[in-house]
**Student:** 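To start, I am sharing the structure in question, which I have written as C-alpha coordinates.
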Number of protein chains: 2
Amino acid sequence: MGTKERKERQKAEMREAVLSAALRLFSDQGYEYVTMRKIADEIEYSVGTIYLYFKDKDEIFFELHKLGFEEFYKRQIAIQNVKDPLQRLKEHGLAYIQFAIDQPQYYDLMFISRIPAKTIKQKQNWTSGDRTYELLKLNIVQAKEAGYFKGVEVEVAAFSLWSFVHGISSLFVRDRLTTIPMESVKSLIAGSLSFLGRAY
Amino acid sequence: MGTKERKERQKAEMREAVLSAALRLFSDQGYEYVTMRKIADEIEYSVGTIYLYFKDKDEIFFELHKLGFEEFYKRQIAIQNVKDPLQRLKEHGLAYIQFAIDQPQYYDLMFISRIPAKTIKQKQNWTSGDRTYELLKLNIVQAKEAGYFKGVEVEVAAFSLWSFVHGISSLFVRDRLTTIPMESVKSLIAGSLSFLGRAY
DNA sequence: TCATTAAATGAACACTGTTTATATTTTATA
DNA sequence: TATAAAATATAAACAGTGTTCATTTAATGA
(Lines give C-alpha, C1' and ligand atoms only; values in the text may rest on other atoms or scores of the structure.)
Protein backbone atom coordinates (compact mmCIF):
# COMPACT_ATOMS: atom_id res chain seq x y z
CA MET A 1 0.00 0.00 0.00
CA GLY A 2 3.06 2.21 -0.45
CA THR A 3 1.74 3.86 -3.58
CA LYS A 4 1.18 7.12 -1.77
CA GLU A 5 4.75 7.13 -0.55
CA ARG A 6 6.04 6.25 -3.98
CA LYS A 7 4.03 9.04 -5.53
CA GLU A 8 5.50 11.51 -3.12
CA ARG A 9 8.97 10.20 -3.86
CA GLN A 10 8.33 10.55 -7.59
CA LYS A 11 7.08 14.06 -7.11
CA ALA A 12 10.23 14.90 -5.18
CA GLU A 13 12.33 13.28 -7.89
CA MET A 14 10.62 15.33 -10.55
CA ARG A 15 11.23 18.54 -8.63
CA GLU A 16 14.83 17.44 -8.22
CA ALA A 17 15.18 16.81 -11.93
CA VAL A 18 13.79 20.24 -12.78
CA LEU A 19 16.06 21.94 -10.29
CA SER A 20 19.10 20.03 -11.44
CA ALA A 21 18.41 20.95 -15.06
CA ALA A 22 17.82 24.57 -14.08
CA LEU A 23 21.05 24.57 -12.11
CA ARG A 24 22.98 23.12 -15.03
CA LEU A 25 21.67 25.76 -17.44
CA PHE A 26 22.08 28.43 -14.81
CA SER A 27 25.71 27.64 -13.97
CA ASP A 28 26.58 27.56 -17.64
CA GLN A 29 24.95 30.75 -18.79
CA GLY A 30 23.47 32.63 -15.86
CA TYR A 31 19.93 33.03 -14.72
CA GLU A 32 18.55 35.07 -17.60
CA TYR A 33 19.42 32.30 -20.05
CA VAL A 34 17.37 29.76 -18.14
CA THR A 35 13.98 29.55 -19.82
CA MET A 36 11.11 27.28 -18.95
CA ARG A 37 11.29 25.70 -22.37
CA LYS A 38 15.02 25.00 -22.09
CA ILE A 39 14.48 23.30 -18.75
CA ALA A 40 11.67 21.26 -20.31
CA ASP A 41 13.94 20.23 -23.19
CA GLU A 42 16.70 19.30 -20.77
CA ILE A 43 14.52 16.91 -18.79
CA GLU A 44 12.62 15.78 -21.89
CA TYR A 45 9.21 16.86 -20.70
CA SER A 46 6.83 19.45 -22.07
CA VAL A 47 6.76 22.98 -20.68
CA GLY A 48 3.37 22.58 -19.06
CA THR A 49 4.57 19.69 -16.92
CA ILE A 50 6.99 21.90 -15.00
CA TYR A 51 4.03 23.95 -13.83
CA LEU A 52 2.59 20.86 -12.15
CA TYR A 53 5.60 20.82 -9.86
CA PHE A 54 6.48 24.48 -9.53
CA LYS A 55 4.08 27.38 -9.17
CA ASP A 56 6.13 29.58 -11.46
CA LYS A 57 9.66 30.42 -12.50
CA ASP A 58 10.20 32.40 -9.34
CA GLU A 59 9.78 29.27 -7.27
CA ILE A 60 12.62 27.66 -9.21
CA PHE A 61 14.59 30.86 -8.78
CA PHE A 62 14.11 30.68 -5.05
CA GLU A 63 15.22 27.07 -4.78
CA LEU A 64 18.47 27.94 -6.53
CA HIS A 65 18.74 30.89 -4.19
CA LYS A 66 18.57 28.48 -1.24
CA LEU A 67 21.16 26.13 -2.74
CA GLY A 68 23.49 29.05 -3.21
CA PHE A 69 23.19 30.12 0.39
CA GLU A 70 23.91 26.59 1.57
CA GLU A 71 27.16 26.44 -0.38
CA PHE A 72 27.96 29.94 0.83
CA TYR A 73 27.39 29.05 4.48
CA LYS A 74 29.57 25.94 4.16
CA ARG A 75 32.47 28.06 3.00
CA GLN A 76 32.08 30.49 5.85
CA ILE A 77 31.94 27.69 8.42
CA ALA A 78 35.10 26.19 6.99
CA ILE A 79 36.94 29.34 8.02
CA GLN A 80 35.97 29.09 11.67
CA ASN A 81 38.93 26.90 12.57
CA VAL A 82 41.31 29.84 12.18
CA LYS A 83 42.38 30.62 15.73
CA ASP A 84 43.34 34.29 15.69
CA PRO A 85 40.14 36.42 15.76
CA LEU A 86 41.59 39.09 13.52
CA GLN A 87 42.95 36.62 11.02
CA ARG A 88 39.65 34.79 11.08
CA LEU A 89 37.78 37.94 10.25
CA LYS A 90 40.07 38.58 7.29
CA GLU A 91 39.65 35.05 6.03
CA HIS A 92 35.93 35.55 6.40
CA GLY A 93 36.05 38.53 4.07
CA LEU A 94 38.31 36.74 1.65
CA ALA A 95 36.05 33.69 1.56
CA TYR A 96 33.14 36.00 0.83
CA ILE A 97 34.82 37.60 -2.14
CA GLN A 98 36.24 34.29 -3.35
CA PHE A 99 32.73 32.86 -3.47
CA ALA A 100 31.64 35.75 -5.67
CA ILE A 101 34.60 35.13 -7.98
CA ASP A 102 34.13 31.35 -8.12
CA GLN A 103 30.34 31.33 -8.41
CA PRO A 104 29.39 34.67 -9.95
CA GLN A 105 25.97 33.42 -11.08
CA TYR A 106 25.12 32.32 -7.57
CA TYR A 107 26.42 35.50 -6.06
CA ASP A 108 24.34 37.44 -8.51
CA LEU A 109 21.22 35.52 -7.65
CA MET A 110 21.75 35.85 -3.92
CA PHE A 111 22.85 39.43 -3.52
CA ILE A 112 22.28 41.36 -6.73
CA SER A 113 19.30 40.08 -8.72
CA ARG A 114 16.02 41.79 -8.15
CA ILE A 115 14.07 39.73 -5.68
CA PRO A 116 10.58 38.82 -6.90
CA ALA A 117 8.11 40.96 -4.98
CA LYS A 118 6.32 37.91 -3.57
CA THR A 119 9.52 36.49 -2.08
CA ILE A 120 10.40 39.57 -0.07
CA LYS A 121 7.69 39.08 2.50
CA GLN A 122 8.70 35.56 3.41
CA LYS A 123 11.32 36.36 6.01
CA GLN A 124 11.91 32.67 6.47
CA ASN A 125 13.63 32.69 3.12
CA TRP A 126 16.48 34.74 4.39
CA THR A 127 17.35 32.54 7.35
CA SER A 128 20.23 31.01 5.43
CA GLY A 129 21.51 34.50 4.79
CA ASP A 130 20.90 35.57 8.36
CA ARG A 131 22.89 32.61 9.57
CA THR A 132 26.03 33.88 7.85
CA TYR A 133 25.40 37.38 9.07
CA GLU A 134 25.16 36.07 12.63
CA LEU A 135 28.45 34.29 12.11
CA LEU A 136 30.04 37.55 11.01
CA LYS A 137 28.74 39.31 14.08
CA LEU A 138 30.04 36.53 16.30
CA ASN A 139 33.49 36.92 14.80
CA ILE A 140 33.34 40.64 15.37
CA VAL A 141 32.37 40.15 19.00
CA GLN A 142 35.31 37.82 19.43
CA ALA A 143 37.63 40.33 17.78
CA LYS A 144 36.26 42.94 20.16
CA GLU A 145 37.15 40.70 23.09
CA ALA A 146 40.66 40.54 21.69
CA GLY A 147 40.83 44.33 21.82
CA TYR A 148 39.78 45.35 18.33
CA PHE A 149 36.84 47.50 17.21
CA LYS A 150 37.11 49.69 20.30
CA GLY A 151 34.16 52.05 20.49
CA VAL A 152 32.45 50.55 17.44
CA GLU A 153 29.03 48.97 17.74
CA VAL A 154 28.85 45.39 16.54
CA GLU A 155 25.92 46.19 14.25
CA VAL A 156 27.83 49.04 12.64
CA ALA A 157 30.96 46.97 12.21
CA ALA A 158 29.03 44.08 10.68
CA PHE A 159 27.18 46.36 8.29
CA SER A 160 30.43 48.06 7.30
CA LEU A 161 32.28 44.84 6.64
CA TRP A 162 29.40 43.36 4.69
CA SER A 163 28.99 46.50 2.58
CA PHE A 164 32.68 46.50 1.87
CA VAL A 165 33.01 42.93 0.63
CA HIS A 166 29.69 43.16 -1.18
CA GLY A 167 30.86 46.34 -2.89
CA ILE A 168 33.94 44.63 -4.23
CA SER A 169 32.05 41.47 -5.17
CA SER A 170 29.22 43.18 -6.96
CA LEU A 171 31.50 45.49 -8.92
CA PHE A 172 33.33 42.39 -10.04
CA VAL A 173 30.27 40.28 -10.82
CA ARG A 174 28.56 43.04 -12.77
CA ASP A 175 31.64 43.87 -14.85
CA ARG A 176 32.48 47.30 -13.48
CA LEU A 177 36.15 46.40 -13.10
CA THR A 178 36.79 45.25 -16.66
CA THR A 179 39.13 48.15 -17.40
CA ILE A 180 41.44 46.85 -14.70
CA PRO A 181 43.49 43.73 -15.54
CA MET A 182 42.59 40.72 -13.40
CA GLU A 183 46.01 40.65 -11.75
CA SER A 184 45.67 44.24 -10.60
CA VAL A 185 42.18 43.50 -9.34
CA LYS A 186 43.56 40.78 -7.10
CA SER A 187 46.20 43.04 -5.58
CA LEU A 188 43.67 45.84 -5.23
CA ILE A 189 41.39 43.52 -3.30
CA ALA A 190 44.23 42.40 -1.05
CA GLY A 191 45.27 46.01 -0.51
CA SER A 192 41.72 47.03 0.27
CA LEU A 193 41.26 44.34 2.88
CA SER A 194 44.47 45.52 4.54
CA PHE A 195 43.32 49.09 4.35
CA LEU A 196 40.00 48.24 5.97
CA GLY A 197 41.95 46.40 8.66
CA ARG A 198 43.31 49.75 9.82
CA ALA A 199 39.83 50.63 11.03
CA TYR A 200 39.59 47.57 13.27
CA MET B 1 18.59 76.10 -48.48
CA GLY B 2 18.30 75.39 -44.74
CA THR B 3 16.36 72.20 -45.30
CA LYS B 4 19.32 70.05 -44.37
CA GLU B 5 19.77 71.91 -41.13
CA ARG B 6 16.09 71.65 -40.37
CA LYS B 7 16.13 67.92 -41.03
CA GLU B 8 18.98 67.51 -38.65
CA ARG B 9 17.16 69.55 -36.07
CA GLN B 10 14.03 67.46 -36.52
CA LYS B 11 16.04 64.29 -36.19
CA ALA B 12 17.55 65.60 -32.97
CA GLU B 13 14.11 66.57 -31.73
CA MET B 14 12.78 63.11 -32.43
CA ARG B 15 15.66 61.50 -30.58
CA GLU B 16 15.01 63.92 -27.76
CA ALA B 17 11.33 62.99 -27.66
CA VAL B 18 12.13 59.30 -27.54
CA LEU B 19 14.67 59.78 -24.77
CA SER B 20 12.38 62.00 -22.77
CA ALA B 21 9.57 59.46 -23.00
CA ALA B 22 11.95 56.65 -22.09
CA LEU B 23 13.22 58.68 -19.15
CA ARG B 24 9.70 59.37 -17.95
CA LEU B 25 8.75 55.69 -18.04
CA PHE B 26 12.10 54.74 -16.62
CA SER B 27 11.96 57.10 -13.64
CA ASP B 28 8.45 55.93 -12.83
CA GLN B 29 8.91 52.20 -13.04
CA GLY B 30 12.55 51.35 -13.62
CA TYR B 31 14.32 50.19 -16.70
CA GLU B 32 12.73 46.77 -17.11
CA TYR B 33 9.30 48.34 -17.44
CA VAL B 34 10.38 50.47 -20.37
CA THR B 35 9.35 48.68 -23.54
CA MET B 36 9.74 49.87 -27.08
CA ARG B 37 5.97 49.80 -27.54
CA LYS B 38 5.36 51.88 -24.43
CA ILE B 39 7.81 54.49 -25.64
CA ALA B 40 6.07 54.47 -29.02
CA ASP B 41 2.68 54.95 -27.35
CA GLU B 42 4.04 57.75 -25.23
CA ILE B 43 5.29 59.76 -28.20
CA GLU B 44 2.35 58.68 -30.38
CA TYR B 45 4.40 57.04 -33.07
CA SER B 46 4.61 53.42 -34.17
CA VAL B 47 7.26 51.11 -32.78
CA GLY B 48 9.14 50.83 -36.04
CA THR B 49 9.73 54.57 -36.16
CA ILE B 50 11.92 54.46 -33.07
CA TYR B 51 14.27 52.17 -34.95
CA LEU B 52 14.84 54.89 -37.53
CA TYR B 53 16.39 57.02 -34.80
CA PHE B 54 17.96 54.45 -32.51
CA LYS B 55 19.80 51.32 -33.53
CA ASP B 56 18.24 49.28 -30.76
CA LYS B 57 17.04 49.44 -27.18
CA ASP B 58 20.59 49.36 -25.90
CA GLU B 59 21.31 52.66 -27.57
CA ILE B 60 18.47 54.23 -25.60
CA PHE B 61 19.79 52.48 -22.50
CA PHE B 62 23.17 54.03 -23.06
CA GLU B 63 21.82 57.55 -23.50
CA LEU B 64 20.04 57.29 -20.16
CA HIS B 65 23.27 55.93 -18.75
CA LYS B 66 25.04 59.08 -19.92
CA LEU B 67 22.35 61.37 -18.50
CA GLY B 68 22.67 59.63 -15.17
CA PHE B 69 26.41 60.13 -15.05
CA GLU B 70 26.02 63.79 -15.83
CA GLU B 71 23.67 64.33 -12.92
CA PHE B 72 25.97 62.25 -10.77
CA TYR B 73 29.04 64.28 -11.68
CA LYS B 74 27.22 67.54 -10.96
CA ARG B 75 26.49 66.39 -7.44
CA GLN B 76 30.08 65.41 -6.82
CA ILE B 77 31.37 68.72 -8.12
CA ALA B 78 28.99 70.58 -5.83
CA ILE B 79 30.82 69.08 -2.86
CA GLN B 80 34.22 70.42 -3.89
CA ASN B 81 33.72 73.72 -2.07
CA VAL B 82 34.10 72.01 1.30
CA LYS B 83 37.47 73.23 2.57
CA ASP B 84 38.67 70.53 4.94
CA PRO B 85 40.06 67.61 2.90
CA LEU B 86 38.78 65.00 5.33
CA GLN B 87 35.34 66.53 5.57
CA ARG B 88 35.27 66.85 1.79
CA LEU B 89 36.00 63.18 1.40
CA LYS B 90 33.19 62.28 3.77
CA GLU B 91 30.75 64.55 1.96
CA HIS B 92 31.90 62.89 -1.23
CA GLY B 93 30.88 59.50 0.11
CA LEU B 94 27.62 60.82 1.46
CA ALA B 95 26.77 62.48 -1.85
CA TYR B 96 27.46 59.18 -3.57
CA ILE B 97 25.07 57.25 -1.36
CA GLN B 98 22.49 60.01 -1.41
CA PHE B 99 22.42 59.84 -5.19
CA ALA B 100 21.67 56.13 -4.99
CA ILE B 101 18.85 56.78 -2.53
CA ASP B 102 17.36 59.69 -4.50
CA GLN B 103 17.72 58.14 -7.95
CA PRO B 104 17.72 54.39 -7.45
CA GLN B 105 16.78 53.66 -11.07
CA TYR B 106 19.70 55.71 -12.33
CA TYR B 107 22.09 54.20 -9.84
CA ASP B 108 20.93 50.80 -10.92
CA LEU B 109 21.48 51.56 -14.57
CA MET B 110 24.92 53.04 -13.97
CA PHE B 111 26.47 50.64 -11.50
CA ILE B 112 24.37 47.50 -11.20
CA SER B 113 22.55 46.63 -14.44
CA ARG B 114 24.24 44.20 -16.73
CA ILE B 115 26.04 46.21 -19.37
CA PRO B 116 25.15 45.18 -22.94
CA ALA B 117 28.13 43.30 -24.33
CA LYS B 118 28.53 45.75 -27.21
CA THR B 119 28.81 48.71 -24.88
CA ILE B 120 31.66 47.33 -22.82
CA LYS B 121 34.26 47.75 -25.50
CA GLN B 122 33.56 51.43 -26.05
CA LYS B 123 35.81 52.80 -23.36
CA GLN B 124 34.74 56.30 -24.31
CA ASN B 125 31.41 55.56 -22.69
CA TRP B 126 32.92 55.42 -19.28
CA THR B 127 34.62 58.82 -19.43
CA SER B 128 31.81 60.34 -17.39
CA GLY B 129 32.36 57.67 -14.80
CA ASP B 130 36.12 58.03 -14.97
CA ARG B 131 35.75 61.74 -14.36
CA THR B 132 34.18 61.15 -10.96
CA TYR B 133 36.73 58.50 -10.12
CA GLU B 134 39.52 60.97 -10.90
CA LEU B 135 37.81 63.46 -8.62
CA LEU B 136 37.81 60.90 -5.83
CA LYS B 137 41.49 60.22 -6.33
CA LEU B 138 42.24 63.94 -6.29
CA ASN B 139 40.46 64.29 -2.96
CA ILE B 140 42.42 61.37 -1.58
CA VAL B 141 45.71 62.93 -2.72
CA GLN B 142 44.73 66.14 -0.99
CA ALA B 143 43.80 64.24 2.17
CA LYS B 144 47.19 62.54 1.98
CA GLU B 145 48.85 65.94 1.84
CA ALA B 146 46.93 66.83 5.00
CA GLY B 147 48.48 63.81 6.71
CA TYR B 148 45.87 61.12 6.17
CA PHE B 149 46.14 57.76 4.38
CA LYS B 150 49.73 57.31 5.52
CA GLY B 151 51.26 54.33 3.80
CA VAL B 152 48.23 53.69 1.64
CA GLU B 153 48.45 53.81 -2.13
CA VAL B 154 46.03 56.23 -3.75
CA GLU B 155 44.71 53.51 -6.07
CA VAL B 156 44.02 51.21 -3.16
CA ALA B 157 42.34 53.93 -1.13
CA ALA B 158 40.16 54.96 -4.08
CA PHE B 159 39.15 51.39 -4.81
CA SER B 160 38.36 50.81 -1.15
CA LEU B 161 36.23 53.90 -0.77
CA TRP B 162 34.36 53.23 -3.97
CA SER B 163 33.71 49.61 -3.06
CA PHE B 164 32.46 50.71 0.32
CA VAL B 165 29.92 53.28 -0.83
CA HIS B 166 28.90 51.10 -3.74
CA GLY B 167 28.36 48.20 -1.37
CA ILE B 168 25.98 50.24 0.74
CA SER B 169 24.25 51.75 -2.28
CA SER B 170 23.71 48.52 -4.14
CA LEU B 171 22.43 46.66 -1.08
CA PHE B 172 19.94 49.46 -0.69
CA VAL B 173 18.93 49.73 -4.33
CA ARG B 174 18.47 45.98 -4.74
CA ASP B 175 16.40 45.62 -1.57
CA ARG B 176 18.80 43.65 0.61
CA LEU B 177 18.23 45.95 3.56
CA THR B 178 14.44 45.68 3.71
CA THR B 179 14.49 43.84 7.03
CA ILE B 180 16.08 46.91 8.60
CA PRO B 181 13.79 49.92 9.18
CA MET B 182 14.76 52.96 7.11
CA GLU B 183 15.69 54.99 10.18
CA SER B 184 18.16 52.36 11.32
CA VAL B 185 19.59 52.17 7.83
CA LYS B 186 20.36 55.86 7.95
CA SER B 187 22.17 55.63 11.27
CA LEU B 188 23.96 52.49 10.11
CA ILE B 189 25.22 54.35 7.07
CA ALA B 190 26.37 57.29 9.18
CA GLY B 191 28.06 54.90 11.60
CA SER B 192 29.74 53.03 8.78
CA LEU B 193 31.18 56.16 7.25
CA SER B 194 32.61 57.08 10.64
CA PHE B 195 33.98 53.59 11.05
CA LEU B 196 35.67 53.71 7.68
CA GLY B 197 37.10 57.10 8.67
CA ARG B 198 39.21 55.31 11.29
CA ALA B 199 41.21 53.76 8.47
CA TYR B 200 42.14 57.13 7.00
C1' DT C 1 -12.61 -4.79 -16.74
C1' DC C 2 -13.64 -0.18 -16.35
C1' DA C 3 -14.86 4.21 -14.31
C1' DT C 4 -12.07 7.56 -11.77
C1' DT C 5 -8.22 10.07 -10.82
C1' DA C 6 -3.64 11.79 -11.86
C1' DA C 7 -0.12 13.22 -15.09
C1' DA C 8 1.51 14.97 -19.36
C1' DT C 9 0.93 17.39 -23.48
C1' DG C 10 0.91 21.02 -27.03
C1' DA C 11 -1.56 24.73 -28.65
C1' DA C 12 -2.85 29.27 -27.41
C1' DC C 13 -2.44 33.92 -25.01
C1' DA C 14 -0.24 38.09 -24.12
C1' DC C 15 3.89 39.97 -23.92
C1' DT C 16 8.98 41.15 -25.44
C1' DG C 17 12.73 43.31 -29.15
C1' DT C 18 13.47 43.57 -33.92
C1' DT C 19 12.81 43.36 -39.14
C1' DT C 20 10.57 44.38 -43.39
C1' DA C 21 7.34 45.14 -47.11
C1' DT C 22 4.08 48.59 -47.84
C1' DA C 23 2.16 53.18 -47.64
C1' DT C 24 2.57 57.97 -46.92
C1' DT C 25 4.79 62.29 -46.90
C1' DT C 26 8.41 65.42 -48.20
C1' DT C 27 11.88 66.99 -51.27
C1' DA C 28 14.22 68.30 -55.51
C1' DT C 29 14.03 68.52 -60.34
C1' DA C 30 12.10 69.07 -65.06
C1' DT D 1 3.28 73.16 -61.08
C1' DA D 2 3.66 68.16 -62.06
C1' DT D 3 6.35 64.28 -61.22
C1' DA D 4 10.06 61.23 -60.08
C1' DA D 5 12.98 60.27 -56.13
C1' DA D 6 14.03 60.10 -51.47
C1' DA D 7 12.84 60.20 -46.74
C1' DT D 8 9.73 58.92 -43.20
C1' DA D 9 6.08 56.27 -40.96
C1' DT D 10 3.38 52.33 -40.41
C1' DA D 11 1.43 47.73 -39.39
C1' DA D 12 2.18 43.11 -39.78
C1' DA D 13 5.22 39.44 -38.99
C1' DC D 14 9.06 36.73 -36.63
C1' DA D 15 11.14 34.45 -32.97
C1' DG D 16 11.44 34.53 -28.44
C1' DT D 17 9.51 34.86 -23.34
C1' DG D 18 6.29 33.06 -19.01
C1' DT D 19 1.92 31.10 -18.24
C1' DT D 20 -2.71 28.78 -18.86
C1' DC D 21 -5.88 25.25 -20.27
C1' DA D 22 -8.61 21.95 -22.95
C1' DT D 23 -7.36 17.59 -24.45
C1' DT D 24 -5.02 13.23 -24.40
C1' DT D 25 -2.54 9.57 -22.11
C1' DA D 26 -1.38 6.79 -18.17
C1' DA D 27 -2.07 4.87 -13.60
C1' DT D 28 -5.18 3.50 -9.97
C1' DG D 29 -8.56 0.92 -7.21
C1' DA D 30 -13.13 -1.31 -7.06
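Residue numbers start from 1 in every chain, and the chains themselves are labelled A, B, ... in the order their sequence lines are given, proteins ahead of strands.
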**Student:** Are any protein N/O atoms closer than 3.5 Å to N/O atoms in nucleotides 15-17 of chain D? If there are, list each pair with its distance.
**Tutor:**
from   : atom 1 : to      : atom 2 : distance (Å)
D:dT17 : OP1    : A:Thr35 : OG1    : 3.4

**Student:** Strictly under 3.5 Å: I want the nitrogen or oxygen pairs between protein and nucleotides 8-11 of chain D, one per line.
**Tutor:**
from   : atom 1 : to      : atom 2 : distance (Å)
D:dA9  : OP2    : B:Tyr53 : OH     : 2.6
D:dT10 : OP2    : B:Ser46 : N      : 2.9
D:dT10 : OP2    : B:Ser46 : OG     : 3.4
D:dT10 : OP2    : B:Thr49 : OG1    : 2.9

**Student:** What is the distance, to the nearest angstrom, from the CD atom on B:Glu32 to the P atom on C:dG17?
**Tutor:**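 It works out to 12 Å between those atoms.
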
**Student:** Counting only pairs under 3.5 Å, give me each side-chain donor-acceptor contact of residues 10-23 of chain A, with atom names and distances, residues two or more places apart or in other chains.
**Tutor:**
from    : atom 1 : to      : atom 2 : distance (Å)
A:Arg15 : NH1    : A:Tyr53 : O      : 2.9
A:Arg15 : NH1    : A:Glu59 : OE2    : 3.2
A:Ser20 : OG     : A:Arg24 : NH1    : 3.0

**Student:** Return the value, rounded to whole Å, for the distance between atom OH of A:Tyr51 and atom P of D:dT20.
**Tutor:**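 Interatomic distance, OH of A:Tyr51 to P of D:dT20: 7 Å.
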
**Student:** Start with the C-alpha distance between B:Tyr33 and B:Phe26, add both sets of side-chain angles, then the distance that settles ring-ring contact (aromatic ring centres under 6.0 Å, His included), and finish with yes or no.
**Tutor:** CA-CA 7 Å; B:Tyr33 293 96; B:Phe26 164 73; over 10 Å; no

**Student:** Starting at atom CG of B:Asp41, determine the distance to atom P of C:dC15, rounded to an integer number of angstrom.
**Tutor:**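 Value for this atom pair: 12 Å.
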
**Student:** Test B:Ser163 against every option in A:Leu188, A:Leu177, A:Val165, A:Ile168 by the side-chain contact (heavy atoms from CB on, under 4.5 Å) rule and name the one that passes.
**Tutor:**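 Only match with B:Ser163 under side-chain contact (heavy atoms from CB on, under 4.5 Å): A:Ile168.
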
**Student:** Between A:Tyr31 and A:Lys57, is there a cation-pi geometry (under 6.0 Å to ring centre, at most 45° from the normal)?
**Tutor:**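 Pair A:Lys57/A:Tyr31 counts as cation-pi.
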
**Student:** Within a 6.0 Å radius of atom CD on B:Glu42, are there more than 12 heavy atoms belonging to other residues, nucleotides or ligands?
**Tutor:**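 Yes, the 6.0 Å shell around CD holds more than 12 heavy atoms from other groups.
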
**Student:** Taking the side chain as C-beta and beyond, is there a heavy-atom pair between B:Arg75 and B:Tyr96 under 4.5 Å?
**Tutor:**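 Counting from C-beta outward, B:Arg75 and B:Tyr96 never come under 4.5 Å.
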
**Student:** Output the rounded distance in Å from CD (A:Glu13) to C1' (C:dA7).
**Tutor:**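 It is 15 Å, rounded to the nearest whole Å.
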
**Student:** To the nearest angstrom, how far is A:Arg9 atom CZ from C:dA7 atom P?
**Tutor:**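 In whole Å, C:dA7 P lies 14 Å from A:Arg9 CZ.
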
**Student:** Roughly, in whole Å, what's the span from NZ in A:Lys55 to P in D:dT19?
**Tutor:**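 Going from NZ in A:Lys55 over to P in D:dT19 covers 8 Å.
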
**Student:** Please state whether the rings of B:Phe149 and A:Phe195 are parallel, tilted or perpendicular, taking 30° and 60° as the class boundaries.
**Tutor:**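 It falls in the parallel class, under 30°.
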
**Student:** Among B:Phe62, B:Phe111, B:Tyr133, B:Phe99, find the residue that satisfies the ring pair (Phe, Tyr, Trp, His ring centres under 6.0 Å) test when tested with B:Phe69.
**Tutor:**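 Of B:Phe62, B:Phe111, B:Tyr133, B:Phe99, ring pair (Phe, Tyr, Trp, His ring centres under 6.0 Å) with B:Phe69 is met by B:Phe111 alone.
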
